[in-house]
Structure formats: C-alpha cells, structure tokens
Amino acid sequence: MHTASIDIYGLMMRGYYFTSMCIIVISIFIFLWSFEKRKPKTREIVTLAVMTALAVVGRLAFFMTPQVKPCAAIIIITGVMLGRQSGFLCGALTAFVSGFFFGQGPWTPWQMIAFGIIGFLSGVLFSKKNIKYAYNKWIISIYGFLATFVIYGFILDTATVFMYTDTPKTETFVATYLSGIGFNLIHAASTFVVLFLISNATIKKLERLKIKYKMFS
Amino acid sequence: MTDEFSRFHPVVNIIFYMVVLIITMFQMQQVMVIISTVCAIIYHIYLKKQKSVKFCIMAFFIFTASAVINPLFSHKGATLLFYMFTGNPVTLESIVYGVFAALVIVAMIFWLSTFNEIMTEDKILALIGAIMPSVALLLTMIFRFVSKFTKKIKEISMTHRALKGEPEGFFNKIKSSLHIFSITITWALENSVDTADSMTARGYGCAKRTNYNNYRIEKRDILLSLWMIILFGVVISRWVAGDLYTYYYPFVRTKGQIMVYVAYILLCVTPMAVNILEGIRWRRLKSKI
Amino acid sequence: MAQIEIKNLTFFYPDMEKGEYLENPALCNINLEIHRGEFMVICGQTGCGKSTLLRTIKPTICPNGKITGNVLYNGINIKDLKERQQAEKIGFVMQNPDNQIVTDKVWHELAFGLENLGLKSEEIRQKTAEIAEYFELTDLYYLKPDKLSGGQKQLLNLAAVMTMNPEILLLDEPTSQLDPIATEKFVSMLKKINEDLGVTIIMSEHRLSYVLDMADKLVVMNNGKIMEWGNPLEIADKIKNQKISKLMPYATRVYYECGKKGTPPVSIKDGRKWLERELQDKEPPTDRSDRKGDSSKGKFIQENHKQADINKKEMAITCKNLWFRYEKYERDIIKGLYFSVKRGEIFAILGGNGTGKSTTMWLLSGVKKPYRGKIAKKGKVALLPQSVQNLFSRDKVSKELEGCENSLIEEMEIQDILNRHPYDISEGQQQKVALAKILMGNPDILLLDEPTKAIDEVYKEELGNLLRKLSADGKTIIIVSHDLDFCGEYADRCGMFADGKLIAVNNSRDFFTSNNFYTTTVAKMSRSTIKGAVKMEDIVCYLKNV
Ligand SMILES: Nc1ncnc2c1ncn2[C@@H]1O[C@H](COP(=O)(O)OP(=O)(O)OP(=O)(O)O)[C@@H](O)[C@H]1O
Ligand SMILES: Nc1ncnc2c1ncn2[C@@H]1O[C@H](COP(=O)(O)OP(=O)(O)OP(=O)(O)O)[C@@H](O)[C@H]1O
Ligand SMILES: [Mg+2]
Ligand SMILES: [Mg+2]
C-alpha cells in the first residue's frame, strides 16, 4: 500500500518514469553542453555530421533486407574513431533525427540515451591505447553484439515497463525482457554482421581522412 | 500549411508542447488523460486531414496492444474479475490502469506527430541555436546530409544493379546491400572534405559564431505565451495542492475540479482556437473590404 | 603593386602508402602576378594542377602536402594573414555545387559566412536580403537546397561567398557540372561582379568559349608548370600549333585551322564578323543539294555513307511508348517515349536540366522498369552513370580495373595513376577510370550519361575517336550530354528531350541546323554565312573550296 502523502501528486505510479526521464534529459544536455564548450574543429564537426547522417539513413541501403539495421554499427565506429563524446552525440542525435523521418514517439528519449551510451562506451573501451583491438573484427563485432543486445535491449525494455505498467516488479521486468529477446537478438545479430563485414574498411577510410587532411590534430 | 499556430514564434510553439507533454506524461487522472487524448486527436485531424485516418488506425492498434500489458503482469486491485490460464488473477483496477496508461501513450503519439508538423527543423534549430550554436550547426548539417545521402543511396544502388544485376537469395542481398552501403560511406566521407573546406573558406571557427534566424518576437507571441503559462500554472498549483489526484489501487478513486479541467481544456485547444479566431478575423476583414 | 604575387611555388602531395611525398610535384616553380580587378582564367589539361594552384592562394583550405615558395597578398605573406581576414577577403567556389552547401536552407546558407564572422542579426538580415535580390534568389529563399537545380545551387554558392564582400574570388571549374544555359547565366553573373564591384577573379575552366572574351589574363598550365601567361589573344597565337591549342574557344580554333594569322576572334560574335568579312562577295562553292554523287566535295558525303550503312543494320534498341514515374503519386517523368537506335550508331540525347535524360538511361539499362511500353534490346548493356564516383568501391585504381586490358589503360592515359586511391585523382581522371571500368565488361550497347563533363578538350577528342572506333566495331552508343559541340562533332543522330519524350530526332547535321539556340558554336557562328555548317571541319572545308 502506498502512503497517501506521496500518492497525492500522482507521481508514485509514474515515479520511476519521472525520475528516469529527468536523468535522461539532464545527461543528454550535459553532453551537448560539453560539445558546445569544446568549440569543435571544422573537420571534426563535419565528420561527426556525416557519420550521424549515415547512421540515420543507413537502413535505406538495406531496403532489400529490412531486418538489418546498421545504426548501431556506425555509432560504434564513430565512438571508436572520434572519441567517446562524439560517440555519445552520434548515438543520441541518430535517434533524435531518425524521429523526424520515421516518427517521434515517447520512446525517442530512451533510444537517444541507449544509442548514446553505446557510442560512449565504445569510445571508452577502444580508447587511444586500446584502439588496436578495434582492428580485430571479431572483438569489435562481439562488442557490437553485446552492446546492442544488452544495453539497447535492456534500456528500451525497461522503458516499456515504466510506460505501460503501474509499479515495476521483478516479474514484469523478466517477462518483458524475455518477450523482447527475439527482437533484440535480430538487432544484435545484424549489428554483428555489419560490423564484421565493414568495420575494418570503414576504420581505414576514417584513418585515411586523418592523414590526408591532418584531421583532429 | 495553413496552420496559424505554426506562424507564431518557435518559443511559443515549444512552450505549448513542453507544458502539454509534461502534463500528459505524468498526470494519470482519468479526466485529464481523456482531455489530452481527445484534443490531440482533434488537432491531428485538423492538421493532417485524410492522412490522419491511417494514423488513427495505427494508434488504435498500439492502444489495444499496450492496454493488455498491465493486467497481464499486475495483479493488484480489489475487484477480482477472473483467473487467467496461468492461474494469475485479473482485476478491474489493473485493466483500468492499463487502459489509461495506453491512452497516455496514444496521446503522446498524437501530440508528437503534430509536433513534427509544427516544429519544423528550422524552428528546432533556431531554438537550439539560441543556446548552443555549435550543436545547432551540427544538427543543420545532419539534416542536410540525411537528404543528400538518401538520394545518393538510391542512385548507388541503381548503379550497382545496372553493373551486377539483381541479387538473389538472402545472403547475396545482404552482401550487395553492404557493398552499396560501403560505397556510400566512402563517397560521403571523401566528399565531406569539400564541405569542410567550404566551411573553413567562409570563416567557420575564426570568430565567435552568432546564430541567425528569421524569427522575431511580436506582441502576440508574448500574449499567447503568458496565456499558456497561466493555464499551466492553474493546473500545476491545483495538482500540487492535492485537488487533482487519482488512486488506482485498491479501488479506483479520483479527485478533480471543474476549474482545473477547464484550464486544461483551454490549454490543449489553444492551437485550434488560434486557428479559428484567425479565420473569423479574416472573414471580417474581407467583408469590410 | 600586384594584389597577389606567386613566387617560385612548388607543391608535393603526400604519398599515402609510403608516408612520404610524391616524387612528381603537382605544382612546379610557379610565378604569377594578379592585379586588383583583373579577370584571370587558368586552363590546362585535366590533372595539370589548376585546383591545387587555386587552393594554395587560400592557405586555410590548401591540401596537406609539402609547399615551398611564397604567395604574397598586397606584399605580405599570405600565411601571415589572420584566418578571419582570409575568410573575408578571399572567396572560394568549388567545382561540385552540392558539396559546398553546408546548411539545409537557402537563407541559412547565405547567412552562414556572416554568422561565422559573428555579425549581429540585423546586419545579417540586411546583407542576405540584398544579396538574394542581386542574385535573383529571393523566390528560393525558404527552399531546401535539394529542390534547386545544379545551376541554381552554384549561383547560391557564389552568392553565399559574396555576402562576405570579398576582394578576390577564386573559382575552381565552377561551371563544369552545369548545362549550357545555366553556364551562361553563371558566367554573366561573374562578369557583373567583376565589373560592378571590382572583385578580382581567378578562375579555372575547361570550356573557354564561355569565358575567354571577358578574361584580362590567361594562364595555360601543363604538368604542374605554367606554359604561358598573359594576354589571351597573344597566347592563342603562340600556342596555335601545339596540342594544347585545342583548349581554345571554337572561334579561335576554326580561325587557325583555316590557316589564318594574326589576332584571332574569341567570342561567337567576333567569329561571325570574321566569317562575314571573309566571305563577303564570294560565291558559295557548290550547292549542298548535290552532296550525293561527287566525293571530292568535302567530308559531309562520307558521313552520309555511314548513315546509309547504318540504315541497313539491325536495331539494337527499340523503345515503344514508354511511360515512367518514380513514385506512384508523383508526376510522370517519361511520357510516351518512342525511339530506336541501330547497331553501330552513335546517338545523342540533348535537353535541359531535370527533363528526364538520366531517367531514360536507367530505363534503358533495365534497372528501372517503365509502367507502360516496351524496350527491346539486343546485346549486353553497360551504363556510365552521371556521377562516376558511384562506381568506385575499392581503395586503389588498379583494383578497380582488375582484369582490364593494358592497351585500354594506355589508350586512356591512366597508367600513371593506377596506384592511387580513386578519390585522390582529379575529376577528369575519375571520369576516365570509370569509363575504362565500364568498357571492361565488353558491352554491346554503351550508355554514357554525360561522359564529357569535367574533362578537357584534348581528351574529349580522344574520347570522341574512341567512340567512333567502338561504333565501327559494331557497338551501339547512346550519349546524354549538355555538350552540344561534342555531340555535333561525333554523334550520328541527335534527339532533343523535352516534356518526357524525344522530339526532333534527326541526323546531327539537320538537327543542329534547324535549332536556333540549342546548337553548336560553329552553327551559331556561321548561321548568316554558311548554311548547314555544324562542325569545325565544315567551315574549314568550305573556306578552302570558295
Ligand atoms: N590528394 C592527392 N594525392 C595525390 N595526388 C593528388 C591528389 N590530388 C590531386 N593529385 C594529383 O595532382 C595533380 C594535379 O591535380 P589537380 O586536382 O590540381 O588537377 P586539375 O588541373 O584541377 O584537374 P581537373 O581539371 O581534372 O580538375 C594530378 O595529377 C592529380 O592526380
Ligand atoms: N530517384 C528519384 N526519385 C524521384 N524523382 C526523381 C529521382 N531521380 C530523378 N527524379 C526527378 O526526375 C526528373 C528527371 O531527372 P533526371 O535526372 O532524369 O534529369 P536529367 O535530364 O538527367 O537532368 P540533368 O541534366 O540535370 O542530369 C527530375 O525532375 C528529378 O527531380
Ligand atoms: Mg580540378
Ligand atoms: Mg542527368
């Protein structure tokens, strides 16, 4: 039973939802703000814009096989090559901009934070001294599989629980995650495949730009 | 688009959506939920005309699908209706909660769809640009690239099919899609260098950047903002004072006030009202001429 | 004092593989002077270093590489100029209209440079409005750049640079992607800027016919070196016997081909006057109606033989009543298209921007299907797309051309760039590599979508000869082109694309003589004097026989 004093504001039932939304909004804002303060260089901002746009429209290239969505793969590569902050922005903005073309919904902020975290994490894991592991396509593809399956799946399923049910219970979470497994597996597998087949070549292309145009130095 | 509300300053538009979405998202009081849903649907139909029908059908499916989730998992509530095949009880309260949570989702979807129509990219960018110019520029470029790449991907896939023919089988399709995607990546990255040069050539990064937009605040913008903020204030103050609440468990119990309902209705129909008033004003102007 | 002075400039590109610099410099010992308010045109074969030279004048966008020598701006080293001054004083317009557009609205693009300089909103509002008016962009102010035609995009790029009121304008082949009418509009805008505002203009260009009559100075480059520079007319005279003289405008070339000496005509107008003077009170040689029998009367006759040969051959492509649109609810792009091409024929499709020429090519290649009508094809079809970069998927030219015969590579003169990345070569070279890649499949029917864009006249002639050779081997060639002179020279038949169909399909001579605006330079020049002349050799032949 809930105590009346809290419930009066109607927030108890939406409490988790409310708190998580606040956290999401604030963390996205912090990243945007730090990007703003850093005064990004021309070539960096252009490359980030290109990668994000590629993540948004990538699925058009796979119109023959709509199960395959390359967003997460591109976001991961961006995180690896341009650093964790850009990785986060690439992820968050991919979800935000996709909303303009494929429809915004209550899930947009959750997608933003989920993709953002994936990008951020790849920037952290494959930081300057670990970057050699990113060239191993097994390692990066498995990371991509896990990141999409665990992080993206977990966050969006949690969002479902918060949005649709009254008070989150372990049982509800478990049931939601289980019912989401099929979808998440396909998503994770497609990230794996895309990373496995194009990550090396794409990293090389970005490396090439770095040399050719003295980028980011 | 003939919508008058969208001709107000973007700040006015964003204030409207912020206050309405905040209340919609967190207020589960039944009357409030219904008000929001109905107003959202009406405004959506007004904006999108026939296109709205398809959307309504889709929303109905989302509604039914999400309404059943809660009673499946939540067995709280005092009014037992029946037992599921799993042996779990289903209660009236959990069904009611499920229905209203689903309505909230539906209302959000409708509001956000009108948001997409009203808050064009230009407006979003003007708003973000006022606080964070670099982020706004980044977004502008993303929007530009998205439409550019969309076209390019279509072109490249046509070229590819002209050269190699139509792929057969799932794996060949994936292979050929990946090929198309990787040509697009190369093309996009290499050509972005021109864009970067064009930016540098026009002085990007050599001084503190300002943000220019075509919007200017007028008196009517201030008035409308005040109107919406006052209505929001009424709703929030009653909410905080405890005159607006609902329990779903163990029994559904609700409290509300006519004043709050009226204020909320007025708030939600503001865009429609602006349109209707403008229509009347025009007719009067015309009859005078 | 000269406004820009280039002294002993040498430039090496980096070698991506070895991490050193390439052995051959892209620019070698360049010395140049440009004065305030001058209009300077740089020409030269593709890959000779024009783009590189222009970029060294604006250090912020100079490519990565080793540079020696100096560029002085009003006597100070240009590298010491503050970034802000560089941005304000020197404007730059590049070749590709699309890539330079940064934002996604016309008005925002105009404001972009001023935002960077940190100007106040009111000031920006005033300047963008003024510029939009001057460049006739006001109606397009709120549009997305995607909605503009290539010519409008390039005007927008020029306008966006001009908002900052530069003293010097650098243009790198700004018109190479535009159709003839858009080119003329763009160039006349440049002239206006040069004359009204006194802006110094330095521009690289392949098609000198459009610009040479307003140029004060001409620079001819070859292999990274300056061959000649100075007064255009004097240079034209000096280089008249070299290979590079093909870069000159048609009027000038015809003049020297006829063996004349002295100051040549440059513009069409001068060319016409010269012909009128030349042919005053002279009898026309023989009447054109008796072309058939006698074979000693010039070359028109041989061509007719070819036409007669072709007429006997089988059909290679037949299109009957094609209808096509991209989306179900969009307008029709192709509306009842009929035409047929015989084996061994070179067929040219001309027409304005956005009329559906490329769409027709996609239909012919079989990638897109018409929703009504039939296409019958005999043989393997290959398509060279309008943007050749769509074809490049590997990181080396040699990998791109795997399995290609050496003779073809040599014929195309691309053996030197086999080790480069396909994006590390100049646009003209990319065009060649793409064509080689298409020819590798040994197709029977070749569809070429604007094969002559961004390439120079010397190579254009080689391409023309290559096409002739291929057609003699029995290959059918369909070209889409904005290059009227090229089509006049090499096509057997031409058709005008308008309103979703081909109209006025005819053999090229009759096609071009019956058109008033859409016709070759030679035809425009000789309209009042020689009836039916379309190619350069027509005039040469005619003058020899009078
Ligand atoms: N990034 C690069 N790395 C190595 N070589 C390059 C690079 N870019 C250009 N080159 C070479 O430098 C030479 C000069 O190139 P540049 O682009 O200046 O030619 P251009 O005269 O502008 O040609 P076009 O008329 O085709 O545009 C060419 O031989 C080209 O292959
Ligand atoms: N993929 C597409 N989807 C929808 N419309 C298209 C597509 N491609 C082209 N169009 C439209 O079809 C029309 C004809 O285009 P097309 O590219 O065939 O013109 P074009 O004659 O080749 O022009 P240009 O001389 O500029 O190359 C244009 O109005 C264009 O906007
Ligand atoms: Mg060039
Ligand atoms: Mg075309």
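Numbered from 1 within each chain, the chains take letters A, B, ... in sequence-line order. These values consider heavy atoms only, across backbone and side chains, with no hydrogens, waters or symmetry-generated copies. What you see is a predicted model; the values in this text were computed from it and never measured.
- Using a 4.0 Å cut-off between charged side-chain N and carboxylate O, A:Arg208 and B:Glu190 make a salt bridge.
- Remark: A:Glu36 CD to B:Ile131 CD1 distance equals 9.5 Å, nearest 0.5 Å.
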Derivation and outcome, side-chain contact (heavy atoms from CB on, under 4.5 Å), residues B:Phe145 and A:Thr52: CA-CA 9 Å; B:Phe145 286 149; A:Thr52 311; over 6 Å; no
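- Of all the listed residues (B:Leu178, B:Thr150, B:Ile180), the one sharing the greatest number of non-hydrogen pairs under 4.5 Å with chain A is B:Leu178.
- For A:Val50, the parts sitting under 4.5 Å from any heavy atom of chain B are the backbone and the side chain alike.
- Heavy-atom distances place the side chain of A:Phe35, and not its backbone, under 4.5 Å from chain B.
- Here CG of A:Leu54 is found 5.0 Å from CZ of B:Phe149. Values are rounded to the nearest 0.5 Å.
- Counted by atom type alone, B:Thr186 and A:Lys205 present one or more donor-acceptor pairs between their side chains at under 3.5 Å.
- Residues B:Ala196 and A:Thr42 come closest through the heavy atom pair O-CG2, 3.5 Å.
- Most heavy-atom pairs under 4.5 Å with chain A, from the set B:Met141, B:Met132, B:Arg144, B:Lys173: that is B:Met132.
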Check against side-chain contact (heavy atoms from CB on, under 4.5 Å), B:Val193 and A:Arg43: CA-CA 7 Å; B:Val193 173; A:Arg43 275 179 176 142; 4.1 Å; yes
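- Side-chain contact between A:Ile74 and B:Ile185 is present, with at least one heavy-atom pair separated by less than 4.5 Å.
- With a 4.5 angstrom heavy-atom cutoff, B:Leu72 does not touch chain A via any of its atoms.
- For a residue to count as touching a neighbouring chain, one of its non-hydrogen atoms must lie under 4.5 Å from one of that chain's; by this rule A:Trp107 touches chain B with the side chain only.
- Looking at heavy atoms from C-beta onward, B:Ile153 lies out of side-chain contact with A:Phe63 at the 4.5 angstrom threshold.
- Taking each heavy atom of B:Phe181 and A:Pro70 in turn, the nearest pair found is CE2-CB, 3.8 Å.
- Within a 6.0 Å sphere centred on CZ of A:Arg84, heavy atoms belonging to other residues, nucleotides or ligands number 12 at most.
- For the options B:Ser157, B:Ser177, B:Gly205, heavy-atom pairs under 4.5 Å to chain A are most numerous at B:Ser177.
- Within the 4.5 angstrom heavy-atom criterion, only side-chain atoms of A:Ile198, from C-beta onward, approach chain B.
- For a residue to count as touching a neighbouring chain, one of its non-hydrogen atoms must lie under 4.5 Å from one of that chain's; by this rule B:Phe143 touches chain A with the side chain only.
- Note that CG of B:Leu112 and OG1 of A:Thr108 are 6.5 Å apart. Values are rounded to the nearest 0.5 Å.
- Put simply, the side chain of A:Thr202 does not reach to within 4.5 Å of the side chain of B:Ser182, judged on heavy atoms.
- Between the SG atom of A:Cys90 and the CD1 atom of B:Ile142 there is a distance of 7.5 Å, given to the nearest 0.5 Å.
- Looking at B:Ala102, there are no atoms closer than 4.5 Å to chain A (heavy atoms on both sides), in backbone or side chain.
- Using a 4.5 Å cut-off between heavy atoms, B:Pro133 contacts chain A through both its backbone and its side chain.
- Heavy-atom distances place both the backbone and the side chain of B:Leu138 under 4.5 Å from chain A.
- For the set A:Val194, A:Val97, A:Val68, A:Thr176, the count of heavy-atom pairs under 4.5 angstrom toward chain B peaks at A:Val97.
- Within 6.0 Å of atom CE in B:Met58, more than 12 heavy atoms from other residues, nucleotides or ligands are found, so the atom counts as buried in its surroundings.
- Options A:Val193, A:Val56, A:Leu48 differ in how many heavy-atom pairs under 4.5 Å they form with chain B, and the most are formed by A:Leu48.
- Using a 4.5 Å cut-off between heavy atoms, A:Leu197 contacts chain B through its side chain alone, with no backbone atom that close.
- Interface remark: A:Phe29 contributes side-chain atoms only to the contact with chain B (heavy atom separation under 4.5 Å).
- Note that CG of A:Leu209 is 6.0 Å distant from OG of B:Ser192, once rounded to the nearest 0.5 Å.
- To the nearest 0.5 Å, the span separating OG on B:Ser176 from CE on A:Met64 amounts to 3.5 Å.
- The shortest side-chain heavy-atom distance between A:Phe100 and B:Ile124 falls under the 4.5 Å cut-off.
- The nearest pair of heavy atoms linking A:Gln67 to B:Phe170 is OE1-CE1, 3.9 Å.
- If you measure heavy-atom distances from B:Leu139 to chain A, the contacts under 4.5 Å come from the side chain alone.
- Heavy-atom contacts from other residues, nucleotides or ligands closer than 6.0 Å to CZ of B:Phe171 number 12 or fewer.
- Within a 6.0 Å radius of CZ in A:Phe101, other residues, nucleotides and ligands contribute more than 12 heavy atoms.
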Working for side-chain contact (heavy atoms from CB on, under 4.5 Å), residues A:Met163 and B:Val104: CA-CA 9 Å; A:Met163 279 191 290; B:Val104 168; over 6 Å; no
